[in-house]
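The next block holds one structure in the form of structure tokens; read it before the comments.
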Protein chains: 2
Amino acid sequence: MPKRASNKPDYARELRRAGVRVTRPRRVIIDILTSTDDHPDAMEIFRRAVQVDNSISLSTVYRTMKLLEGFGAIHRHAFGGGPARFENAAGEHHDHLIDLDTGDVIEFKSDRIEALQDEIAKALGYEIIHHRLELYGRKKRGT
Amino acid sequence: MPKRASNKPDYARELRRAGVRVTRPRRVIIDILTSTDDHPDAMEIFRRAVQVDNSISLSTVYRTMKLLEGFGAIHRHAFGGGPARFENAAGEHHDHLIDLDTGDVIEFKSDRIEALQDEIAKALGYEIIHHRLELYGRKKRGT
DNA sequence: GTTGCTTTGCAATTGATTGTCAACTGGCGC
DNA sequence: GCGCCAGTTGACAATCAATTGCAAAGCAAC
């Protein structure tokens, strides 16, 4: 009986097929990205990677992020102007609500908003390649 | 007969009322921001400011942008991850469509999208303080 | 004008990211 | 399995945007 594949996308296979080497540092970084659902920045990914392999360098984290971004495997964000934060691109597209007090990031999705965006772009003679919708808010006090 | 006020908001008056000095560099920078409808970055504002007063420094541009942002007089953007770009906050709120080929920025507004955003935030127990919606697209070829 | 506190220009600094380069290593070919 | 070698890496220098420390200069109240 074949081993049941995890829900993690097999980026290793994909990279190899694209002629990119699957090295130890890359494996470590990919593993970090596919086993979290938060939005770490490069330094945070670096910290986690060093726990696994203390020879990994920060440059390699940045290089790998750029590589994976090129493959569309991750998305890059810049919530509130800070350092870039990354998330695994697997799974459905979604937008973000950032809690201004805690920094928490909540994901949401609205087909109706997406449809309106397309409509607006079309009216302006454009085709949307991608978009970025970020809501910055505070929890409503329900004391 | 009183001089007809221009359509430029009187930031000078507002700043003075807030106990902030209206200095020559600030006047120059504010004048640049209120007389353009594009989205210049700090370096571009600096270049334009030097034309008027060649003693103005880039630090002052950055400092003034931060000051004005604090007053809500300007908005800060980071389209596509480049350096921060600014725009006069006077006038109605709007979102942006960025032409991926030319870098042009087109402003648009959709009450329906705003309403949906509020609805989503409310459902998540949040109150939106501000938001950022950027569409990145390409002109549809109309050969 | 004088005065006092703000603001400025300059230079140095920070923080994030990218470039350089010698050393290293996946993974194909044997 | 084993060696080869272009793709990668780690270390560190370099770059880029943005900020800050400080002495000198400027604004606004008297």
Side-chain angles (χ1 to χ4, degrees), chain A residues 10-32 39-71 73-86, chain B residues 10-32 39-71 73-86:
Chain A
D10 190 349
Y11 289 130
R13 181 182 303 275
E14 220 175 295
L15 289 178
R16 197 164 313 130
R17 196 180 316 142
V20 174
R21 287 195 188 154
V22 179
T23 63
R24 175 158 172 70
R26 284 183 182 155
R27 239 191 297 270
V28 171
I29 292 170
I30 289 171
D31 208 57
I32 289 169
H39 304 71
D41 61 20
M43 187 55 68
E44 177 59 27
I45 294 169
F46 173 62
R47 273 190 285 266
R48 297 182 196 174
V50 165
Q51 308 271 90
V52 180
D53 175 347
N54 67 14
S55 78
I56 287 176
S57 78
L58 182 54
S59 313
T60 296
V61 173
Y62 277 109
R63 278 190 288 238
T64 304
M65 299 327 282
K66 184 164 288 196
L67 178 75
L68 293 176
E69 193 185 7
F71 274 89
I74 60 170
H75 290 146
R76 174 188 300 259
H77 302 289
F79 305 133
R85 297 170 62 177
F86 306 91
Chain B
D10 191 347
Y11 290 129
R13 180 180 306 272
E14 218 175 298
L15 289 180
R16 194 161 316 127
R17 195 179 317 141
V20 174
R21 288 192 188 160
V22 179
T23 62
R24 176 158 170 68
R26 284 181 182 157
R27 239 192 298 271
V28 171
I29 292 170
I30 289 171
D31 208 58
I32 289 169
H39 304 72
D41 60 20
M43 188 53 71
E44 177 59 26
I45 294 169
F46 172 62
R47 273 191 285 267
R48 296 182 196 174
V50 165
Q51 309 270 91
V52 181
D53 176 347
N54 67 15
S55 78
I56 287 174
S57 78
L58 182 56
S59 320
T60 297
V61 173
Y62 278 112
R63 278 191 281 239
T64 304
M65 299 328 283
K66 184 164 285 198
L67 179 75
L68 294 176
E69 192 184 7
F71 274 89
I74 59 170
H75 290 145
R76 176 189 300 258
H77 302 289
F79 304 133
R85 296 170 62 176
F86 305 92

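Source: prediction; values computed, not measured. Within every chain, numbering begins at 1; the chains are lettered A, B, ... in the order of the sequence lines, protein sequences first and strands thereafter.
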Overall bend - the helix from C:dG1-D:dC30 to C:dC30-D:dG1, comparing terminal axes fitted on five pairs, nearest 10 degrees: 40°
Starting from the C-alpha separation in whole Å, work towards a yes-or-no answer on side chain to side chain contact (heavy atoms under 4.5 Å, CB included) for B:V22 and B:I30. CA-CA 10 Å; B:V22 179; B:I30 289 171; 5.8 Å; no
Applying ring pair (Phe, Tyr, Trp, His ring centres under 6.0 Å), can you list everything that pairs with A:H75, at least two apart in sequence or on another chain? none
So how far is it from B:K66 NZ to B:R63 CZ, rounded to the nearest 0.5 Å? 11.0 Å
What's the shortest heavy-atom distance between B:P83 and B:D41, and which atoms? CG-OD2, 3.8 Å
If you look only at distance, which donor and acceptor atoms sit under 3.5 Å apart when one is on a side chain in residues 45-55 of chain B and the other is two or more places apart or in another chain?
from  : atom 1 : to    : atom 2 : distance (Å)
B:R47 : NE     : B:E44 : OE1    : 3.3
B:R47 : NH2    : B:E44 : OE1    : 3.3
B:R48 : NE     : B:E44 : OE2    : 2.8
B:R48 : NH2    : B:D38 : OD2    : 2.9
B:R48 : NH2    : B:E44 : OE2    : 3.3
B:D53 : OD1    : B:S55 : N      : 2.8
B:D53 : OD1    : B:S55 : OG     : 2.9
B:D53 : OD2    : B:R24 : NE     : 3.2

Please name the pair of heavy atoms, one in B:E69 and one in B:I74, separated by the smallest distance, quoted to 0.1 Å. N-CG1, 3.6 Å
I'd like to check the side-chain hydrogen bond (donor to acceptor under 3.5 Å, both in side chains) partners of A:R21; sequence neighbours left out, ordered by chain and number. none
Rounded distance (nearest 0.5 Å) linking atom CZ of B:F86 with atom NE2 of B:H39: 12.0 Å
With B:R26 as partner, the option from B:L68, B:T60, B:I56, B:V20 fulfilling side-chain contact (heavy atoms from CB on, under 4.5 Å) is B:V20
For B:R13 and D:dA28, what is the distance between atoms CZ and C1' respectively, to the nearest whole Å? 16 Å
Measure from CE on B:M65 to C1' on D:dT20 and round the result to the nearest Å. 19 Å
Quick one: closest heavy-atom pair of B:A73 and B:Y11, and the distance? O-OH, 3.3 Å
Atom OH of B:Y62 and atom P of D:dA17: how far apart are they, to the nearest Å? 7 Å
Any chance you could list the contact pattern along nucleotides 3-12 of chain D? Use B for base contacts, S for sugar-phosphate-only contacts and - for none, protein heavy atoms under 4.0 Å, 5' to 3'. ---BBSBBBB
Outermost contacting nts on DNA chain C, any atom under 4.0 Å from chain A heavy atoms, listed 5' then 3', are C:dA16 to C:dG27
